[in-house]
Amino acid sequence: MSYTKLNREQLAARVARDIHEGMYVNLGIGLPTLVANHFPANVEVFLQSENGLLGMGAAPAKGNEDFDLVNAGKQPVTLLAGGSFFHSADSFAMMRAGHLDVAVLGAFQVAANGDLANWHTGNPADIPAVGGAMDLAVGAKQTWVMMEHFTKDGVSKLVERCSYPITGVRCVKRIYTDLAVIDIVSDQFVLRETVAGLSAAQLSELSGVSFF
Amino acid sequence: MSYTKLNREQLAARVARDIHEGMYVNLGIGLPTLVANHFPANVEVFLQSENGLLGMGAAPAKGNEDFDLVNAGKQPVTLLAGGSFFHSADSFAMMRAGHLDVAVLGAFQVAANGDLANWHTGNPADIPAVGGAMDLAVGAKQTWVMMEHFTKDGVSKLVERCSYPITGVRCVKRIYTDLAVIDIVSDQFVLRETVAGLSAAQLSELSGVSFF
Amino acid sequence: MISKIVDSVAAALAGVDDGATVMIGGFGGAGMPTELVEGLIAQGAKGLTIVSNNAGNAEFGLAALLKAGRVRKVICSFPRQADSYVFDALYREGKIELELVPQGNLAERIRAAGAGIGGFFTKVGFGTELAKGKETREINGEMYVFESPIYADFALIKAEQGDRWGNLVYRKAARNFGPVMAMAAKTTVASVHELRELGAIDPEHVITPGIFVQRLVKIPRAATIAAGFKA
Amino acid sequence: MISKIVDSVAAALAGVDDGATVMIGGFGGAGMPTELVEGLIAQGAKGLTIVSNNAGNAEFGLAALLKAGRVRKVICSFPRQADSYVFDALYREGKIELELVPQGNLAERIRAAGAGIGGFFTKVGFGTELAKGKETREINGEMYVFESPIYADFALIKAEQGDRWGNLVYRKAARNFGPVMAMAAKTTVASVHELRELGAIDPEHVITPGIFVQRLVKIPRAATIAAGFKA
């Protein structure tokens, strides 16, 4: 059988499907940002941004950008009615003490025990930067990863043990990739769904890891 | 020679003389509260109250009390133009990290090493209560004590070592009493001034402690 | 559409179990959510641990809760008041446990719970009876005491205005413990004098963002004026 | 009459000594006090330790300070930017020291300095390279890392409005690190776009009370618009 990977917007829509009205959510920089485009109209989801926003809205119309009103990726955004501003220590208090229901983060690697690597390749020539990644990884009620299943070189990002420097220990609860949805339960990958035409056995072989 | 004790307002005026324009000050409950009445008009001194006020003003006129606007003693006060409100953790951050220039506190006892006792008699039958006393004692840039020199029973409140449970260790810098002004330097009482007609030797004998 | 507004004090207090830890805002009367505390008496939970700056006045509010025998333990900074006779009697009879905490440690320990801090070192209390048995440490030549977070099942707080997302603003010195208690409790219940439309509270002026508030109930101001409200 | 308002950037920056630790507000461009950082270049202090969320963009502001060779060490969470080539080159050449700190630890460590906390335990960073060599502790079954306060000699921050007592309000997400940095520094210098009469800022809306601010200088807004200010 043949299968088709989800494209980025399809993946974002899949993640959005599991975010329900009333949830407080932080969408990480990059791929996770796309999830915001897929909430049904009139469903109230509360988006938090580490730089001190709650109730973040869509990007402004061209020409209406306000560079005092940006998201964690420094892109102009808007604030919904009912939103609020606060300082960085209050913002991270929110992120670090389990007040957010979900943090959706990108990843370089996720290990079977839930270890996450998403901040540094480990290459000494690379400039390291961490931002709020470690805070989100361990601070939210649930940490979800949203990523392409394979690197550009075709290497699986699901691993038995992270080889990249980790962002957080045993912090990932669920993984959404362009091929599958996988939970982490008791230090094991538990396959929840795959794209049409892709069997669990195939995915396991492609990924080089076992599913339970 | 004979001498006259300062009365409460005279003592308050003496303390006020050492508080200069621009200083941030917390006046403790009781006797220290009177100091506020003795700043010259137009001299801007910033009064902080532990319950979340900076720029506290005088008592309101009768009939104008607002019970959402009270001081640490739960008495109605006013707020000056330029004042601000904040929550308890921010208020105590202000008090505990050396942002206040001076805290003026009452005392049961002050020891030669600067130990302060002002929160509890140590009598097991008494209901203990501490409020912000310990925070102020160790948190301000300088902690001053303002008290009557003797208890109602005529016992000196200046002591070689506190017998009451202490509020803070080596925290008092200066003591204003109805008889004298005393600094604490290198674990010793240093007499700075006495009321007219009272010699250092007399005061030392009356107090049962040595001055340097 | 999300609305955290409930239409009665009883609904606001649903789920407070026996043995729960309940934070109660206020500094004396300012910011004290008297109606919520009275609702807690009606609600019936017992064996409570109460975290509040004071321990009640006369026989209303928190003092009434104590008098009704619902409280096992009080964590506070200043139980003794001119009219705290209900607490005083229970304490002297050994019928209530008291954990006395310097007020700044109380505020900071509550904030720590709300901010994900596992514990912190403070100079406050070092060398005193209130630090007896606690871990100490010398940091940069000064002595510090280790203090732990105070978590709660419920926080009952009073604010001035709120909206259906739970955003709150307070009034003057009635703000005090409300914002940090809201952060530290699993369920925060706020009484507000005024409900505003979403967006009517300027986002720059929100003191407690809605994420920290689970239920709001409107209590008309008139009912809470002990004395002297000035608009 | 107390006025903390000074009439030039130069006056605002008097006394920054060689080797000083200087906090600089902002998250990217939002809240970055660009004119104060440029003033610091003119002022001449060197061997500085800079505490800021980022490490500069292109060749203006913080990047220009780095390029001028005035900075010995940067404490930040996110030095790498699309246009952080000045920092990147210095780092690769080993000409600048980097202490990389998770952003929440950065904010909390700065607050700790401003709040009199000697250190605290956080789960963030446990088991990672950024916690290497740090004290750890198990608290209620979870692992925590000990983190220390970050103090500063100066904080340079940008606010929207201020008054002569130093009260500040910010604008939107430009608030970010300003309020906590103001608490942590011996001398806090705020640039403001508007000076208000005392009392014109509602005491309920003050974000940084004047006690945390030692000097204010007015910088017209026009000068700071990189792009797109919307009133």
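Order of the sequence lines fixes the chain letters, A, B, ..., with proteins taken first and strands second; residue numbering starts at 1 for each chain.
Separation of atoms NE2 (D:His205) and OG (B:Ser84) is listed at 12.5 Å; rounding is to 0.5 Å. To the nearest 0.5 Å, atom CG of residue D:Asp202 and atom CZ of residue B:Phe85 are 8.0 Å apart. Taken to the nearest 0.5 Å, the CG atom of B:Asp90 stands 9.0 Å off from the OG1 atom of D:Thr208. In this structure, CD1 in D:Ile2 is found 11.0 Å from CE in B:Met23, a value given to the nearest 0.5 Å.
Of all non-hydrogen atoms in B:Leu80 and D:Trp165, the two that sit nearest each other are CD1-CH2, 4.1 Å. Among all heavy-atom pairs drawn from B:Ala93 and D:Met183, the shortest one is CB-CE, 3.6 Å. Across all non-hydrogen atoms, the minimal contact from B:Phe86 to D:Pro209 is CD2-CG, 3.8 Å. The two atoms that bring D:Gly116 and B:Ala97 nearest to each other are N-CB, 3.2 Å, heavy atoms only.
No part of D:Ala200 comes within reach of chain B, as not one of its non-hydrogen atoms sits under 4.5 angstrom from that chain. Using a 4.5 Å cut-off between heavy atoms, D:Arg196 does not touch chain B at all. The parts of B:Leu100 that come within reach of chain D are both its backbone and its side chain, each placing non-hydrogen atoms under 4.5 angstrom from that chain.
Put simply, the side chain of B:Glu21 gets close to the backbone of D:Met1: a donor and an acceptor are under 3.5 Å apart. Under the 3.5 Å distance criterion, the side-chain polar atoms of B:His99 are matched with a main-chain donor or acceptor of D:Gly114. No donor-acceptor pair closer than 3.5 Å links the side chain of D:Asp163 to the backbone N or O of B:Gly82.
Most heavy-atom pairs under 4.5 Å with chain B, from the set D:Gly166, D:Ala113, D:Gly210: that is D:Gly210. When B:Met94, B:Arg96, B:Gln48 are compared by the number of non-hydrogen pairs under 4.5 Å with chain D, B:Met94 comes out ahead. Heavy-atom pairs under 4.5 Å with chain D were tallied for B:Gly55, B:Gly139, B:Gly83, B:Ala81; the largest tally goes to B:Ala81.
Within the 4.5 Å cutoff, the side chain of B:Leu54 has no heavy atoms near those of the D:Val206 side chain.
In D:Lys46, the NZ atom is not crowded: 12 or fewer heavy atoms of neighbouring residues, nucleotides or ligands sit closer than 6.0 Å. For B:Lys141, the NZ atom sits in a packed shell: over 12 heavy atoms of surrounding residues, nucleotides or ligands are nearer than 6.0 Å. Heavy-atom contacts from other residues, nucleotides or ligands closer than 6.0 Å to CG of B:Asn7 number more than 12. Surrounding CG of B:Asn123 are more than 12 heavy atoms belonging to other residues, nucleotides or ligands, all under 6.0 Å away.
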